[in-house]
Protein chains: 2
Amino acid sequence: MHPTRLALDDDLRHHTPKKFDRTDRTACKTEGTGGRNRAVTMSTIARMAGGIQATVSRALNRREIVSPETLERIQQTIEATGYVPNLVAGALASSKSPMVAAVVPSITNIVYSGLIHHFIDLVRAAGYQTILVEAGFSAEEEEALVTSLISRRPDGILLTGVHHTNRCCSQLLSVGLPVVEIWDLTESPIDICVGVFTRRLARLWRTLPTAAAMPLPQPRWLAKNAPYAAGTPSAQPSRRWGTRRLCKLIVEGPASLERGRAALRVLLERGMQSGVIFGSSDLLAHGILIEAQARGLSVPADFSVIGFGDQDYATATLPPLTTVRVDRSDLGNRAADALLARINNMAPEQRAIDVGFSIITRGTTCSQRN
Amino acid sequence: MHPTRLALDDDLRHHTPKKFDRTDRTACKTEGTGGRNRAVTMSTIARMAGGIQATVSRALNRREIVSPETLERIQQTIEATGYVPNLVAGALASSKSPMVAAVVPSITNIVYSGLIHHFIDLVRAAGYQTILVEAGFSAEEEEALVTSLISRRPDGILLTGVHHTNRCCSQLLSVGLPVVEIWDLTESPIDICVGVFTRRLARLWRTLPTAAAMPLPQPRWLAKNAPYAAGTPSAQPSRRWGTRRLCKLIVEGPASLERGRAALRVLLERGMQSGVIFGSSDLLAHGILIEAQARGLSVPADFSVIGFGDQDYATATLPPLTTVRVDRSDLGNRAADALLARINNMAPEQRAIDVGFSIITRGTTCSQRN
DNA sequence: CTGAAAGCGCTAACAA
DNA sequence: TTGTTAGCGCTTTCAG
């Protein structure tokens, strides 16, 4: 193979925005009608089809109870006018919007968005639309958001995590909205919760042979277990955790490849010799692998790495990443099922649904017992 | 450093779900009240505070026009009852929900979610909540979704891409909803559009020195330019494109590290010698880097790689990734600005806003001219 | 099967 | 400043 030379034309390299003028306004609609043209409603359709508004409503919601001819006429006029029913009026009258709300800390984090993706699919299949909102990681922000969500009177609501302000919980409770909390498991959820049982994981950490370091946080419930305050990459003095010496490293902000790399640098500076590094996300763990490679260190010969999340790319790293897997699609599905069940007034069999987790052993750990 | 041994207790390794029973039902609410307890409304508050419903409405929306004492009394009762206003009634009465809708192909793809994140922030600052929905990559699905969104009467709507069904466009037009389309730029948007001017990018590709391969698609508008049908990883016979020989490789499905690795394997099998490989996303490009490394090939000595997206991790790869950057936060912000402007009935200065793009040169290309 | 009529909980004139 | 009164566009009894 020969080296490749690549030269970029300077004028192409940065493409400076081009301006359009607004001569072509074909699509602009506020013109011509002179003021807002009266919206077409059910009554409009009824009048045009020679019937009454209630019949149109029936034609739309329970087609089987109107005569075929009437139905036909109504459908034709609907088609002709391009009428779209007003769901907010419907929701007011029937006090049920076909809608649920989902609150996640971050929509850009695949850990949440992947799960929510499945959730949305399932509730959609049941006829519900999802209004998805981002709450950041603060319970106060969440409270404000939840209040404004409640004011939209969704049929149900999904919350991430189990730490909510008191106001938030009591509001939810007093409205009597079905709510499902995901990720953490608590034995006294607001309504139902589905997720993994945190203490189990913590216990797992504690029993592992040599815990060398543990970049944090991201999944909130890992963060919860951190005995040290967060700070910019800085190692804490090693201390005993369970029966092992643990050096915990808090990585501030969202996980990223770069933060993972930085984490390993810090750990090495602090004299880390060997052991296993826990990443609170696969991304962080992957960053650690890359930094190791850049420094000529070998994983798992020099140290082990365990990620969290089992993202799809965990099989594609060098070497493939050992990681903690929580079945997110399962979680999303169960959350949807549980919420739908509650919406339909079914008492849940269990109030806390544990989806469990497992360790997927790949190339970044050695699996021999010692 | 010494090798690390890692042994996992078998009973801990897989944590089988634990069952909870439902004895603790402290939080269950359908109990006690015997049937649905009448919801508290503005009238309830008014009665309790010794006033009239309209005053409560005023206290909530335009506090400055009610007397301090009345305000005080009302606020206290609201506090006491935990009353949350019903926005759907409000929306019906005022025919404005403080809400906009956003339609993206995929919420799990950071390319969209990153941008939407900014969009949401900005419109929220203006008092609007965003209902976010996923449309997949089909215009038909999108149409159905848009219809159901319209039925919720949002104040505005954001669409991804410029390819929509006719019904979709005409419905949007007939409702007279402010709409902003993002990513692609077209000179005849439904309402306004903000994004990058595709033809410019295509022209850039064409002038590059040696185009060896181009894994596709993901950004829809790259896909659009593909002269070959999609298929599982398989190289197309090289053909002339512009003045260069181009070997295009279509990668099916969403981009992933693994698909990038597979792509390089295929390209090598097909006898790729040198040149530059375009990834339609940074993830794909990163996969290519990893595979190169696994095979002992050197980038950019053996071949160059250019990604797309300038994700945060592009600086953290080995070597750092040269990539095409579209400022997504800028795009999200401008989209929000544009939509808000339209909602406030301001005629846009331009109907198409070009945010441009740039090539960020890092370590995976050599920059010497030839 | 179709009509008539009473709201759903709020906003927005208008009047006092 | 507060009270009165119409609706918003639909769902849902209840009669016909």
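Protein chains get the first letters and strands the later ones, always in sequence-line order, with residue 1 at the start of each. Computed from heavy atoms alone, side chains included, the values below leave out hydrogens, waters and symmetry copies.
Formation of a donor-acceptor pair under 3.5 Å by the A:Asn344 side chain with backbone atoms of A:Met346 is not found in this model. Under the 3.5 Å distance criterion, the side-chain polar atoms of A:Arg153 are matched with a main-chain donor or acceptor of A:Ile150.
Applying the salt bridge (charged side-chain N to carboxylate O under 4.0 Å, His left out) test to every pair with at least one member in residues 65-90 of chain B, sequence neighbours left out, gives these pairs: A:Arg167-B:Glu79. Listed by first and then second residue, the salt bridge (charged side-chain N to carboxylate O under 4.0 Å, His left out) pairs that reach into residues 40-59 of chain A come to none, sequence neighbours excluded.
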Show the numbers, then the answer: is there a side chain to side chain donor-acceptor pair (under 3.5 Å) between A:Glu143 and A:His164?
CA-CA 7 Å; A:Glu143 176 190 310; A:His164 316 290; over 6 Å; no
Trace of the salt bridge (charged side-chain N to carboxylate O under 4.0 Å, His left out) decision for A:Arg124 with A:Asp121
CA-CA 5 Å; A:Arg124 175 157 67 190; A:Asp121 268 7; 3.7 Å; yes
Set out, in order, the CA-CA distance, both residues' side-chain angles and the distance that settles side chain to side chain donor-acceptor pair (under 3.5 Å) for B:Glu142 and B:Thr165, then state yes or no.
CA-CA 8 Å; B:Glu142 189 193 63; B:Thr165 65; over 6 Å; no
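Judged by distance alone, the side chains of B:Ser67 and B:Thr70 do bring a donor and an acceptor atom under 3.5 Å apart.
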Between protein and nucleic acid, restricted to nucleotides 2-4 of chain D and to nitrogen or oxygen atoms under 3.5 Å apart, what atom pairs and distances do you find?
| residue | atom | partner | partner atom | Å |
| --- | --- | --- | --- | --- |
| D:dT2 | OP1 | B:Ser67 | OG | 2.9 |
| D:dT2 | OP1 | B:Thr70 | OG1 | 2.5 |
| D:dT2 | OP2 | B:Ser67 | N | 3.1 |
| D:dG3 | OP2 | B:Thr55 | OG1 | 3.3 |
| D:dG3 | N7 | B:Arg58 | NH1 | 3.2 |
| D:dG3 | O6 | B:Arg58 | NH2 | 2.2 |

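Within residues 80-93 of chain B, the residues that place at least one heavy atom under 4.0 Å from DNA chain C are, in residue-number order, B:Tyr83, B:Pro85, B:Asn86, B:Ala89, B:Gly90, B:Ala93.
Among residues two or more places apart in sequence or in another chain, the side-chain hydrogen bond (donor to acceptor under 3.5 Å, both in side chains) test is passed with A:Thr81 by none.
Each end of the helix from C:dC1-D:dG16 to C:dA16-D:dT1 yields a helix axis from five base pairs, and these two axes differ in direction by 30° (to the nearest 10 degrees).
Applying side chain to side chain contact (heavy atoms under 4.5 Å, CB included) to B:Ile107 and the options A:Ile107, A:Thr108, A:Leu132 leaves one that passes, A:Leu132.
Mapping B:Pro68 and B:Arg153 onto DNA chain D by nearest heavy atom places B:Pro68 at the nucleotide closer to the 5' end.
One interatomic measurement links the two molecules: CZ of B:Arg62 to C1' of C:dA12, which rounds to 9 Å at whole-angstrom precision. Separating the CD atom of B:Glu64 from the P atom of D:dT1 is a distance of 10 Å, rounded to the nearest angstrom. Computed from coordinates, the B:Arg47 CZ to C:dG9 P distance equals 11 Å when rounded to whole Å. The NZ-P distance, from A:Lys96 to C:dG7, rounds to 19 Å in whole Å. Between B:Leu60 atom CG and C:dG9 atom P the separation is 16 Å, expressed in whole Å. Atom CD1 of A:Ile45 is separated from atom C1' of D:dT11 by 17 Å (rounded to the nearest Å).
Nearest heavy-atom pair across B:Cys193 and B:Leu185 is SG-CD1, 3.9 Å.
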